[in-house]
Every structure is written in C-alpha cells, then in structure tokens.
Amino acid sequence: MDRQSSQPNLQTIAVVGLGTMGTGIAEVLARAGREVIGIDVSETAARRAAAALASATARSVTRERLTEQERADVLARFRTFTDLAAAAEADLVIEVVPESYEVKQQVFRELDAIVRPDTILATGTNALSVTRLAAESQRPERVLGLHFFNPAPAMKLVEVVSCVLTAPPAVEAVTGLARELGKEPVAVGDRPGFVADGLLFGYLNQAAAMYEAKYASREDIDAAMRLGCGLPMGPLALLDLIGVDTARTVLEAMYASSGDRLHAPAPILGQLAAAGLTGQKSGRGFYTYEAAGSSTVVRDLQTPLDGSLLGAGRPVSSVGVAGSGTMASGIAQVFAQAGYDVVLAARSQEKADAAKAAIGKSLGRAVSKGRLTQEAADRTLDRIAPAGSLDAFAEVDLAVEAVAEDLAVKQELFATLDKVCKPGAVLATTTSSLPVIAVARVTSRPQDVIGMHFFNPAPAMKLVEVVRTVLTADDVHATVREICVKVRKHPVDCGDRAGFIVNALLFPYLNNAIKMVEQHYAGIDQIDAAMKLGGGYPMGPFELLDVVGLDVSLAIEKVLHKEFRDPGLAPSPLLEHLVAAGCLGRKTGRGFREYARR
C-alpha cells in the first residue's frame with residue numbers, strides 16, 4: 001500500500017454499476033477533475049449514464065455554474081465500457097452493483113485478476129459485510145467500503161468503512177478523496193447499515209409496522225414525522241423513494257447481525273416486494289404514483305376521505321388552558337392569536353400572571369422580527385384572562401391541560417375539570433406519553449375527553465396529534481380536528497397507545513444512537529454528522545437528546561418499553577447513568593456534551 005501513503009490523490013477511478021447511484025458518483029468524480037471509467041454490463045445503462053451527465057452539466061451551464069468549456073472537459077473525463085477489463089488502469093474502483101454477495105463477489109474476483117496490486121477496491125454496499133467481501137479478495141488489505149448517499153451529487157455524507165483486514169493507507173487515501181470531492185467523510189466500522197442507515201432503517205421499519213397495524217394512516221404517519229421532527233420526508237414516502245425491496249434487504253442483513261426485533265423486517269415490506277410494489281420505481285408502493293419512476297402521488301383506495309365527512313363538531317368560542325409552563329403559555333398564545341377568548345389558569349394568580357407576561361414577551365419578539373403587528377399582539381394579549389383557580393373554567397367550551405407529565409397530577413386535575421366545566425365542554429390533555437383513557441376514566445364523561453398533543457414551542461410547531469380513546473365521542477373528535485385547522489395546525493389522528501406517532505418512532509431511534517456510542521461503534525460527533533448529512537435531519541440525535549432533556553427522554557423510553565414489552569426498546573444503560581448523575585442536557589449544562597452556563 002506504499003503508493004497510497006505517498007500519493008493519496010486517486011486520479012483515475014472506475015465506477016462499476018451505472019444505475020442511479022453509480023451515475024451520481026461518476027458525476028461527482030468527473031466534476032472534481034477525476035478521470036472516470038464507467039462500467040456496466042448493460043450498454044443501455046452506460047448510454048443512460050452518459051446522457052444523465054450530459055443533461056446535468058447542461059443544466060449547470062444554464063444556471064451559470066459551469067462554462068461550456070468546463071462542461072466539455074467534464075464530459076471528456078467520463079468514458080463508459082461494458083467490460084470490467086477497462087478498470088485495469090484505475091487507481092480506485094468503486095462497485096455499486098446490486099446488493100447481493102454473489103454478484104459483488106463475482107465482481108471482486110474478476111477485478112483481482114485485472115487491476116494493479118496497489119489499486120484500492122471499494123464496495124458501495126450499505127447492507128452487506130465488507131469483511132466478508134474483503135476476506136475473499138486476493139489482497140484484502142486494499143478492500144474497504146465507500147458508502148455514498150442518494151443523490152450522490154447533492155448529499156454531503158460519505159461513510160468510509162474499514163474492517164479488521166483494511167490497511168490504514170487505503171482508508172487515508174479514500175478519506176482524502178472524499179474531502180477533495182467536497183464531501184464529509186465519516187469513519188465507521190463494518191456492521192450492517194453502518195451509522196446513518198443503521199439508525200434510519202430501524203426507524204423506517206417501525207413506521208412500516210405502525211402502518212401495517214392500522215394505527216394511523218400513511219398520510220398521518222408521514223405528516224407527523226415531517227411536522228413534528230422537521231424531517232424532509234415522511235418514513236413511508238422515503239421507503240417508496242429508497243425502494244421497498246432495497247429496504248427489506250438492508251433490514252434482513254441488520255437483523256441477521258443484531259438479532260434485534262426492531263430490525264426484523266415488517267411483514268408488509270415482504271408482501272409489497274413480492275407483489276412487485278417496490279415504490280416509486282415501480283409506480284406503486286405505500287403510495288400510488290403517476291407512472292413508474294414518477295414522484296407524483298395520485299389518489300388511490302387508501303387515500304383518506306375529505307375531513308368534512310367527519311360530521312359536525314361542537315361550537316367552541318372560549319378555551320381554558322391549565323398550566324403555567326412553556327407549553328401552557330404557548331398553547332394559550334396559539335388560541336388567542338386565532339381569535340379565541342382564553343382563560344389561562346395556574347395554581348396561583350401570581351403564576352398565571354407570570355405566564356401571561358411570558359406570552360407578552362413572546363408576542364413582543366414576534367413583533368420585533370416583523371412577524372406580527374403591534375396591534376395584533378395587543379389584541380392577542382387582551383384575549384387572555386389569567387386566573388388562579390380552575391373555577392374560572394366554568395363557561396369554557398374547551399379545556400386543555402398542559403401540566404406536569406405525571407398521571408396522578410393529571411387525574412386530579414381532570415377530576416376537578418369534571419366538576420367545574422359545563423356539560424358538553426370538551427376536555428383535552430396534552431400528554432405525550434401517558435394513556436388518555438386513564439385521565440378520561442376519572443371523569444363522569446369520558447366521551448368528552450380526548451388527547452390534543454401539541455409540540456414545543458407550540459406557536460411555531462404545526463403538528464397536533466389528536467388521540468381518540470375507545471370512549472371518545474365522534475363529535476368531540478370532529479370538534480378538535482376543526483379547531484386544529486382554525487388555529488393553523490395540522491391534525492393527525494392516532495389511537496391511545498404509548499408514544500402516539502412521533503415519540504413512538506423518534507425515541508427508539510434516539511435510543512439506538514446511544515447504543516452505538518455505548519458499543520464504541522461510533523462517537524457522538526460522527527453520529528450527529530451522519531444523520532444530518534446523510535438523513536437530512538435538522539439535528540443529530542445527541543443534539544436533540546440534550547435539547548429535549550435526558551430525563552424526559554428516559555421517561556418516554558421507559559413508557560414505550562413497558563407498553564410494547566420489546567427488549568429492543570429497553571433504555572440504554574448509558575442514558576440511565578447520565579440521568580442518575582444529573583447530566584440532563586442543556587438545562588443542566590451537561591448531557592452528552594458540555595454547555596456554557598448562562
């Protein structure tokens with residue numbers, strides 16, 4: 001491997017397999033000044049790759065990102081062949097053929113007889129063992145993984161995968177190349193899914209299982225994760241984009257390695273794949289598309305009916321909000337801004353006045369940023385009446401509690417609401433993890449009780465999870481859906497079980513990220529970078545854990561584990577240790593990272 005240590009610039013690179021990923025990698029390399037040898041057994045695929053590069057560079061000229069001469073140079077650096085023998089002059093070969101050991105091993109066997117002894121061989125797999133592929137090579141020390149993300153020209157992350165057989169100079173050479181390509185290389189070890197897909201596919205699998213169980217509609221699951229977590233795509237739409245068959249292959253490999261039931265492919269993935277309903281590429285998967293290869297969703301039999309068919313709700317003109325914390329203040333502001341008269345009740349008049357003052361400051365910030373006029377802010381604040389007792393809820397049409405996430409506290413409050421609120425008033429809890437039925441049953445009117453889970457900060461977050469119990473009346477459900485629209489929130493329906501949609505999918509993913517650190521597979525910086533760059537997440541899992549609070553996260557994970565009884569949901573011991581040590585995240589100045597005290 002001397003050549004790589006003394007001459008790390010890999011100039012001539014062969015890409016074997018010119019599907020979507022191979023074509024994208026070839027484009028990145030050619031644009032970065034590398035000589036690219038594109039190889040595919042299909043002449044059609046080779047021609048399609050050349051045409052795709054011509055089209056992409058033409059768009060760049062139109063957008064003035066390339067000159068005509070630069071475009072001509074890029075196109076001249078890309079040559080296509082149908083015979084692996086063309087890789088003989090390559091310094092690096094990147095294979096991106098189908099995810100099959102047999103296919104990849106055949107490519108590596110042939111390459112062994114063709115390339116120079118110092119040529120690095122990289123596999124683009126995201127599911128198969130790099131060690132197994134390397135072990136069967138004549139020179140295993142030069143074999144590693146180089147995992148790009150789709151679309152390769154746009155996605156910044158590249159996972160550089162080494163195994164126990166890989167020589168360090170080879171890793172250094174491809175890491176340097178990735179940086180020269182403008183990518184962010186993350187060094188990882190050899191296990192199915194590596195970092196980004198290892199976390200992503202477990203989450204996607206749980207979403208598929210949630211849909212299969214008919215817990216929520218595909219539209220609501222996807223909207224919940226987009227609006228509740230800021231993700232660029234919902235999980236079911238993403239499965240269709242990746243390919244249902246591809247996702248199942250990755251999960252099978254992960255499950256074979258981990259034995260974790262969270263990685264056991266949801267049966268619906270196998271059923272869709274067996275039926276040829278593999279997602280966008282086939283024109284149908286979880287959703288139905290205009291045509292094979294199209295990303296335009298069209299209506300089908302599973303498309304929800306218009307919300308107007310829910311039936312009429314109850315009239316609501318006044319709202320009571322119980323609580324004095326950030327969530328209660330935020331919810332009160334949301335209702336008041338939408339024109340509702342709001343009673344904001346706390347344990348004392350002093351606390352209620354302080355909560356209203358906090359709303360005033362929030363509105364002031366909105367005015368200073370030009371999001372609200374001073375007149376509108378004043379009108380909003382005037383609609384909020386602070387009260388030191390729940391007795392002030394006597395005439396409200398909707399009562400929303402936003403007190404501590406403690407079942408006994410909430411039950412006591414609902415018992416009081418039952419006595420105070422007028423007949424027909426809707427009683428809503430903002431719980432994120434407790435059973436709604438448990439608070440409904442302490443009242444004499446469980447049919448009037450529903451979950452209305454806002455997300456923090458309530459004025460900014462668009463999502464509300466609407467949680468029906470088995471006893472919730474239809475008109476109560478219709479009322480809350482109508483109100484969500486009036487206060488400019490997006491309602492998603494779900495049943496009364498732990499975590500609802502967002503937390504049930506989010507926290508197992510966060511827990512798995514902690515387990516990666518616990519097992520010394522990757523560091524928190526690597527994992528955060530991988531999920532932001534490779535998954536499009538607005539925050540890495542450890543950034544998010546520190547913001548949410550490690551104690552809050554642990555409590556939710558315990559609830560999920562208790563309800564679903566799945567060993568894979570057991571909270572990570574590392575999380576439990578940090579909470580026991582008082583390291584709760586940003587609010588204490590230390591969690592997974594340390595923060596400057598304010």
Would a 4.5 Å heavy-atom cut-off, applied to side chains only, mark [X] and [Y] as touching?
| X | Y | answer |
| --- | --- | --- |
| His561 | Asn511 | no |
| Arg593 | Glu543 | yes |
| Val130 | Phe194 | yes |
| Cys494 | Val466 | no |
| Glu159 | Phe149 | yes |
| Glu95 | Thr123 | yes |
| Gln105 | Leu133 | yes |
| Tyr203 | Asn512 | no |

Closest heavy-atom contact between [X] and [Y]?
| X | Y | answer |
| --- | --- | --- |
| Leu239 | Ala247 | CD2-CB, 3.5 Å |
| Met21 | Ala152 | SD-CB, 4.1 Å |
| Ala522 | Val195 | CB-CG2, 3.9 Å |
| Lys486 | Ala338 | O-CB, 3.8 Å |
| Met452 | Phe335 | CE-CZ, 4.1 Å |
| Ala127 | Pro192 | O-CB, 3.8 Å |

Within 6.0 Å of CZ in Arg218, more than 12 heavy atoms from elsewhere
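Enclosed: over 12 neighbouring heavy atoms sit under 6.0 Å from CZ of Arg218.
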Looking at [Y], is its backbone amide N or carbonyl O close enough to the side chain of [X] to form a donor-acceptor pair, meaning the two atoms are under 3.5 Å apart?
| X | Y | result |
| --- | --- | --- |
| Glu518 | Ser572 | no |
| Glu184 | Leu533 | no |
| Thr278 | Asp245 | no |
| Arg488 | Val485 | no |
| Ser433 | Gly499 | no |
| Glu401 | Val403 | yes |
| Asn205 | Leu262 | yes |
| Asp240 | Gln280 | no |
| Lys281 | Ile242 | no |
| Ser257 | Met254 | no |

Among His453, Lys410, Glu405, which residue meets the side-chain hydrogen bond (donor to acceptor under 3.5 Å, both in side chains) test with Thr431?
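The option that passes is Glu405.
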Which distance, rounded to the nearest 0.5 Å, do you find between the [atom1] of [X] and the [atom2] of [Y]?
| X | Y | atom1 | atom2 | result |
| --- | --- | --- | --- | --- |
| His490 | Met461 | NE2 | CE | 13.0 Å |
| Glu557 | Leu575 | CD | CG | 5.5 Å |
| Arg248 | Tyr255 | CZ | OH | 12.5 Å |
| Leu269 | Gln271 | CG | CD | 9.0 Å |
| Leu505 | Ile221 | CG | CD1 | 7.0 Å |
| Asp475 | Asp448 | CG | CG | 8.0 Å |

Begin with the C-alpha distance, continue with both residues' side-chain angles, and end with the deciding distance and a verdict on side-chain hydrogen bond (donor to acceptor under 3.5 Å, both in side chains) for Thr44 and Arg48.
CA-CA 6 Å; Thr44 302; Arg48 193 182 298 124; 5.6 Å; no
Quick one: sort the Phe286 and Tyr211 rings into parallel, tilted or perpendicular, breaks at 30° and 60°.
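Rings of Phe286 and Tyr211: perpendicular, as their planes differ by over 60°.
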Just say parallel, tilted or perpendicular for the rings of Tyr287 and Tyr289, cut-offs at 30° and 60°.
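Because their plane-to-plane angle is over 60°, the rings of Tyr287 and Tyr289 count as perpendicular.
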Any side-chain donor near an acceptor of the partner, Glu99 and Thr249, under 3.5 Å
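Side-chain D/A pair, Glu99 to Thr249: absent.
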Within the 3.5 Å criterion, strictly below it, is a donor on Thr57 or Ser60 matched to an acceptor on the partner's side chain?
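Checked: Thr57/Ser60 side chains show no N/O donor-acceptor pair below 3.5 Å.
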Hey, are Arg481 and Asp493 close enough for a salt bridge, meaning a charged N less than 4.0 Å from a carboxylate O?
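A salt bridge links Arg481 with Asp493.
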Apply side chain to side chain contact (heavy atoms under 4.5 Å, CB included) to residues Tyr101 and Ser129 and explain how you reach the verdict.
CA-CA 9 Å; Tyr101 275 119; Ser129 168; 3.2 Å; yes
Candidate pair Phe592 and Val517, rule side chain to side chain contact (heavy atoms under 4.5 Å, CB included), full reasoning
CA-CA 10 Å; Phe592 283 97; Val517 171; 5.7 Å; no
Is there a side chain to side chain contact (heavy atoms under 4.5 Å, CB included) between Ile483 and Val319 once you walk through the steps?
CA-CA 11 Å; Ile483 287 171; Val319 178; 6.0 Å; no
Might you work through the side chain to side chain contact (heavy atoms under 4.5 Å, CB included) test for Arg468 and Asp474, ending with a clear yes or no?
CA-CA 9 Å; Arg468 292 191 70 166; Asp474 288 343; 2.7 Å; yes
